[in-house]
Amino acid sequence: MLNTLNAVFPIRYTVMGLSVFALLLSVFSLLVFGAGLGAFTLSAILVGVGVYDLRQTKRSILRNYPIIGHLRFMLEFVRPEIRQYFIESDNEATPFSRSQRSLVYQRAKGEPDKRPFGTQLDVHAEGYEWVNHSVAPTKIASHDFRITIGEGTAQPYSASVFNISAMSFGALSANAILALNKGAKRGNFAHDTGEGSISAHHRVHGGDLIWEVASGYFGCRNEDGTFNADKFAANARDPQVKMIELKLSQGAKPGHGGMLPGPKVTPEIAEARGVPVGVDCISPASHSAFSTPIEMMQFIARLRELSGGKPTGMKLCIGHPWEWFAMVKAMLETGITPDFIVVDGAEGGTGAAPLEFTDHVGAPVQEGLLLVHNTLRGAGLRERIKIGVAGKVVSAFDIARLMALGADWCNSARGFMFALGCIQAQHCHTGHCPTGVTTQDPLRQQSLVVPDKADRVYNFHQQTLFALKEMVQAVGVHHPNEITAHHIVRRSGGNKVRSLAQLILTQLPNGALLDGQTAGLPLIYRQTWPRASADSFAMRSD
């Protein structure tokens, strides 16, 4: 019967037909009884929408399903929120699970983070990890774990092992920057500026800054986009700036430049970056201040000198291994080493990036960290260079695990965004952030109350480090840098369990790469190390 009816009058036009019928009925009511103006207005609007749908040429669904087809686009718009709140399981990570987000929210709000009734994780699942504990736990006086970066410089920095990762003003709102920096000031930990440079909002509360200098040289550039030493020195010597970070690439889109469209370059953003208001702001894919590994080391030394001897390092997401090896060879040849290296994992990313880059470009943080840590050991440089990491770090176990694999400290971006109130709506690139974190809309920003969110940033940092302290005590050591890959255990295929030391960590002997004999070393060193050159980022053909 329905098929017969559909052949006479397509069912998909039912809503359109009912709207036309309602319009005619309301016209009759108005003419005869003088009533029904509301019904006439509503039905006229629906008929108007239906006529427009039938005549427009951009959306086939609306041409075939006038009026009612709009429901499809409405439901698609709220699909992420529907999945997040009603469909996803607590441990389904896309990219952060509800369980992970809830942990941050609880700690940020100062609420109890204890969980009753046992773990929700499948402890028999492949990939499940845990840390082995000791029957002789230690007792630690403070959870303020710190490391010294740049011990040989004029102005070494005592850093927390947990800091705010790079997020620029422009990507984040003014209120978000204010809250992050105020929380960092109160908690005595560092706030990375991101490549957008130091804005007026970074300076209000005086929290420690790591100034990220990227290929656009924002805050230290000439009109043509090249590096300006005088402008750099003026910013770098500010006492609030504790370290200088030369950004080579970022995990979200390594090897890819960027552009902030002119309409989004507000006077505040333009002032911070040193660019014209309303003009497209370009971040090139590569640096113009150097073109070889040796020149890069010389540039790092120059930045250190211009800053007045502050710890100066670099950040990168590992790509071609021969390029990384070339940098290490340049360190050996010049005698110039960065004070620190931040390894950004490909799973990171607070802003928008092309999907292919988000999903398939760059090494994840574990693989990048292992390569950097082991290469520096093999080159005899590990004791001179501290390593930071970033990539989906939100819990004390995340920190302990990465430090066990070789990191000296961890950074978190999205974790601190959650502390600010981010709900993972994933509208960061649209300017329509529902919580005022990633928008330049002044009305939307008002929802982010700086004093309240600063307290949450502080609480999240403190509670995470307190949880780390309890874990360190349980392991039986005194500092998280004493946790090793032997302490972390993973369940692998075939119902086997192995420590990370057995499973993934091939610890290169100290100085193993210095004699040029790579036989017996892992394949990547045997094949690639000899073909890397300090004079070029390209791989030698011989």
Side-chain angles (χ1 to χ4, degrees), residues 163-172 177 190-199 202 209-229 231-236 241-261 264-265 269-275 279-291 293 295-300 302-304 306-307 310-319 323 327 338-346 348-354 357 361-362 388 390 411 413 537:
N163 300 289
I164 301 171
S165 196
M167 294 180 285
S168 301
F169 169 59
L172 297 192
I177 295 294
H191 178 191
D192 194 311
T193 65
E195 69 173 281
S197 192
I198 308 167
S199 71
H202 286 95
L209 294 178
I210 301 172
W211 182 20
E212 183 176 278
V213 178
S215 56
Y217 305 114
F218 299 129
C220 55
R221 59 186 268 137
N222 296 308
E223 289 185 7
D224 62 356
T226 55
F227 177 73
N228 184 299
K231 291 180 180 179
F232 172 81
N235 265 330
V241 175
K242 302 302 181 183
M243 300 201 300
I244 309 299
E245 179 181 273
L246 180 67
K247 175 192 155 185
L248 304 180
S249 57
Q250 66 183 83
K253 47 182 177 179
H256 190 284
M259 182 186 74
L260 187 65
K264 293 187 177 182
V265 183
I269 292 174
E271 180 183 4
R273 300 193 180 197
V275 298
V279 178
D280 292 346
C281 182
I282 306 296
S283 297
S286 61
H287 281 263
S288 60
F290 55 86
S291 58
E295 289 177 357
M296 188 178 85
M297 294 306 133
Q298 293 169 341
F299 186 62
I300 287 174
R302 187 185 182 197
L303 295 181
R304 186 187 292 124
L306 289 169
S307 70
K310 293 182 178 180
T312 303
M314 61 188 191
K315 181 180 91 171
L316 79 166
C317 177
I318 291 294
E323 294 181 348
M327 296 176 204
D339 298 300
F340 65 90
I341 297 172
V342 175
V343 180
D344 207 13
T350 55
F357 280 76
V361 180
N411 294 333
F537 288 110

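To the nearest 0.5 angstrom, Leu306 atom CG is 14.5 Å from Lys231 atom NZ. Here the CZ atom belonging to Arg221 is positioned 15.5 Å from the CZ atom belonging to Phe232, to the nearest 0.5 angstrom. Interatomic distance, Glu245 CD to Ile300 CD1, rounded to the nearest 0.5 Å: 11.0 Å. To the nearest 0.5 Å, atom OG of residue Ser165 and atom CG of residue Asp344 are 6.0 Å apart. Here the straight-line distance linking atom CG of Asp224 with atom OG of Ser288 works out to 8.0 Å at 0.5 Å rounding.
Put simply, the side chain of Asp192 never gets that close to the backbone of Ile164: no donor and acceptor are under 3.5 Å apart. Ser249 places a side-chain N or O within 3.5 Å of a backbone atom of Cys317 that can act as its donor or acceptor partner. A donor-acceptor pair is defined here as one N or O able to donate and one able to accept, closer than 3.5 Å; no such pair exists between the side chain of Asn235 and the backbone of Ile198. Put simply, the side chain of Lys310 gets close to the backbone of Ala236: a donor and an acceptor are under 3.5 Å apart. For the pair Ser215 (side chain) and Pro284 (backbone), a donor-acceptor distance under 3.5 Å is present.
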Practice item. Start with the C-alpha gap between Leu303 and Phe227, add the side-chain angles, then the distance that decides, and say whether side-chain contact (heavy atoms from CB on, under 4.5 Å) holds. Key: CA-CA 11 Å; Leu303 295 181; Phe227 177 73; 3.6 Å; yes

Exercise for review: Dump the intermediate steps for side-chain contact (heavy atoms from CB on, under 4.5 Å) on His191 and Ile177, then the final yes or no.
Suggested key: CA-CA 9 Å; His191 178 191; Ile177 295 294; 4.2 Å; yes

Practice item. Evaluate the criterion side-chain contact (heavy atoms from CB on, under 4.5 Å) for residue pair Trp211 and Cys220; output intermediate values, then yes/no. Key: CA-CA 11 Å; Trp211 182 20; Cys220 55; 4.0 Å; yes

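With a 4.5 Å cut-off on side-chain heavy atoms, Met297 and Pro338 count as touching. Within the 4.5 Å cutoff, side-chain heavy atoms of His287 are placed close to those of Leu248. For the pair Phe169 and His202, the minimum side-chain heavy-atom distance is below 4.5 Å. At least one side-chain heavy atom of Cys281 sits less than 4.5 Å from a side-chain heavy atom of Phe218. A 4.5 Å side-chain heavy-atom check between Tyr217 and Thr226 finds every atom pair outside the cut-off. Using a 4.5 Å heavy-atom threshold, the side chains of Arg273 and Val265 count as separate. Thr312 has its side chain within reach of Ser307: a pair of non-hydrogen atoms, C-beta onward, lies under 4.5 Å apart.
Screening Lys315, Lys247, Gln250 for a side chain to side chain donor-acceptor pair (under 3.5 Å) with Glu212, the sole residue that qualifies is Lys315. Checked options Ile210, Val342, Asp339; the residue passing with Met243 is Ile210 (criterion: side chain to side chain contact (heavy atoms under 4.5 Å, CB included)).
In terms of heavy atoms, Ser168 sits closest to Gly194 at OG-C, 3.4 Å.
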